[in-house]
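First the structure, in the form of structure tokens, and then the observations on it.
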2 protein chains.
Amino acid sequence: MTHRAPFDFFTRSAFGIEPGSHIGTQLEGLASRIDLSKGQTAPLDNRSDRIVFVASGATKLVAQASEQRQQIVAFHFDGDIVSVPADGLFANSVTALRHSELLVFPAREFFDSAAGEARIARSLLERLPIALQRCRDRAVALGQGSATERLAGFLLAMSERIGRADADHCELDLPMSRKEIGESLGLTIETVSRQFGVLRELGLIKTQGRSRVTIFDRDMLSRKAGHLHQTQKTSGNPTN
Amino acid sequence: MTHRAPFDFFTRSAFGIEPGSHIGTQLEGLASRIDLSKGQTAPLDNRSDRIVFVASGATKLVAQASEQRQQIVAFHFDGDIVSVPADGLFANSVTALRHSELLVFPAREFFDSAAGEARIARSLLERLPIALQRCRDRAVALGQGSATERLAGFLLAMSERIGRADADHCELDLPMSRKEIGESLGLTIETVSRQFGVLRELGLIKTQGRSRVTIFDRDMLSRKAGHLHQTQKTSGNPTN
DNA sequence: TGGAAGCTTTGATCTAGGTCAATGAAGCTT
DNA sequence: AAGCTTCATTGACCTAGATCAAAGCTTCCA
């Protein structure tokens, strides 16, 4: 029973499906549950495509660009869907930033079931374009943004996902290291650190210890991010 | 009748739906057909989300990062689906690189119809993750790749979409300018030009006029792109 | 067919961010 | 609580690519 919890949570909250139903049972038959401790990588044989849900925790999706270089393609948190096709240019892997629970489906079978079930199809058809849009926004930031803009944008995006907002300042407990931030922004660890310094000296943020960040001036930070990160209306569930 | 052609082409070839069927009629009611001449931008009111299909032609999806800076997020060709959510960080627009025909659907209604129709749902559920993966690969290239790697990767990607392969060399007629290539790779026009020069001097490509490119050594070009652009198995329809 | 307008190439600097190197915190471990 | 290991910060310097500037090519239209 305890073991069922993450699965039932998903069928119900993500897709509006009752645990006992036909389709629910069918999906459950497809799912594997995976528990990852911090730093562990999900054992996805990269033969075939997988759909991964982060039931709880925080993960990074890493593309191995070469032996030396790797890029973090996205961070995922509770409830996010991670689409991991095997036929991209780079090998992708999912690694936990802290203890996380995953649900893994074989993509083809999952989509086969989903396509026939309007509620699931709708949920996916809403989530995937959001994930795509997030990825596009990241591509723009990587292609056009300065180091400061990228970090400012990153902090704002994170604050929307995992921030606790009081009055006008926002507390943030980053589960990723400076190295990982750099790998996701296409910057070195030193540059990330220096940019934290820049934002700190501008009085826009405060840092405490390694992971704790307080955002003082969200609007100014948004302007630093390139004017454009207008406080995004949280339209539906964050998905990617 | 002539006017119906692009629509019928889509319902049939993209979704396996017969023109006269119920769902076909329903979708047709949602669609607007748009003819764009070179340089024209599709008049998508950016109030609400749109799903755009490129029935024929070549288009660029542009994100306006600021008044000065814009980034080309993707190029689309015959048969591609363009998902244009309105709630990204940046305003997106679709502009024709040459004369193009578009089919435009309001996203919500389109997904509502699609979710109930397994063939359409499946088609979309296959296409969207591919588009997402393409975007992620681009993000990796933008985050990690040198100028040479980006251009090499770009040329390979284009050759897979619009190249005519003879024996071992591949002819390519690029519909976009150096400026547009630069805007898509996060490089300046001058750098793009210099990198063309580099690849030319390495004997990997030849250029004739502004748009004609011949790829001589695909494997070597792939290695220049960062080892990783393994000649991608053309799995299903290109989608994004 | 001539020539203007706009692309593209090439060259000479300049600079943001990378690289290398050292110091200074955090946070585990025992 | 001491000490060790790992992570983060700071500094000095150096390159890839941006910027500024000037020719060369295409293309297209009269």
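Throughout, a chain's letter reflects where its sequence line sits, starting with A, and its residues are numbered from 1.
- For D/dT6, the base has a donor-acceptor partner in the side chain of A/Arg210 [N/O atoms by modelled type, under 3.5 angstrom].
- Put simply, CD1 on A/Ile189 is 14 Å from C1' on C/dT23, counting in whole angstrom units.
- In this structure, A/Arg178 satisfies the cation-pi test against A/Phe196, with its NZ or CZ atom closer than 6.0 Å to the six-membered ring centre and inside 45 degrees of the ring normal.
- Residue A/Leu187 contributes atom CG, which lies 14 Å from atom P of D/dT9 at whole-angstrom precision.
- With hydrogens and angles left out, the side-chain atoms of B/Arg210 and B/Ser177 include no donor and acceptor closer than 3.5 Å.
- For the pair A/Lys38 NZ and C/dC28 P, the computed distance is 7 Å after rounding to whole Å.
- Under 4.0 angstrom from either OP1 or OP2 of D/dA18 there lies at least one side-chain N or O belonging to B/Thr191.
- Partner of B/Asp173 under the salt bridge (Lys or Arg N to Asp or Glu O under 4.0 Å) criterion, chosen from B/Arg161, B/Arg164, B/Arg212: B/Arg212.
- Protein atom CG of A/Asp173 is 10 Å distant from nucleotide atom P of C/dG27, rounded to whole Å.
- The nearest whole Å value for the distance from the CZ atom in A/Phe196 to the P atom in D/dC7 is 16 Å.
- In this entry the distance linking CG of B/Leu174 with C1' of D/dT27 reads 17 Å, nearest Å.
- In this entry the distance linking CZ of A/Arg178 with P of D/dT9 reads 4 Å, nearest Å.
- Using Watson-Crick or G-U wobble geometry with both donor-acceptor distances under 3.5 Å, C/dT30 finds its partner in D/dA1.
- Proximity note for A/Ala147 (side chain, C-beta onward) versus D/dA18, C/dT10, C/dG17: the nearest is C/dG17.
- For A/Ser177, no side-chain nitrogen or oxygen approaches OP1 or OP2 of D/dC7 to under 4.0 Å.
- On a pure distance criterion of 3.5 Å, a polar donor-acceptor pair joins the side chain of B/Arg194 and the base of C/dG11.
- Defined by atom type and a distance below 3.5 Å, a donor-acceptor pair is missing between the side-chain atoms of A/Ser193 and A/Glu190.
- At whole-Å resolution of the value, CD1 in A/Ile205 and P in D/dA8 are 14 Å apart.
- Two residues are said to be in side-chain contact when any heavy atoms from C-beta on lie closer than 4.5 Å; A/Leu185 and A/Leu151 meet this criterion.
- Counting non-hydrogen atoms under 4.0 angstrom, A/Arg150 reaches nothing in the nucleic acid.
- Of the candidates C/dG17, D/dA18, C/dT10, C/dT10 carries the atom nearest the B/Ser193 side chain, counting heavy atoms from C-beta on.
- Using a 4.0 Å heavy-atom criterion, one finds that B/Gly186 contacts the sugar-phosphate atoms exclusively.
- Contact of B/Arg212 with D/dT27 (side chain to base): no donor-acceptor pair of N or O atoms is detected under 3.5 Å.
- The base of D/dC20 sits with one of its N or O atoms less than 3.5 Å from a complementary donor or acceptor on the side chain of B/Glu190.
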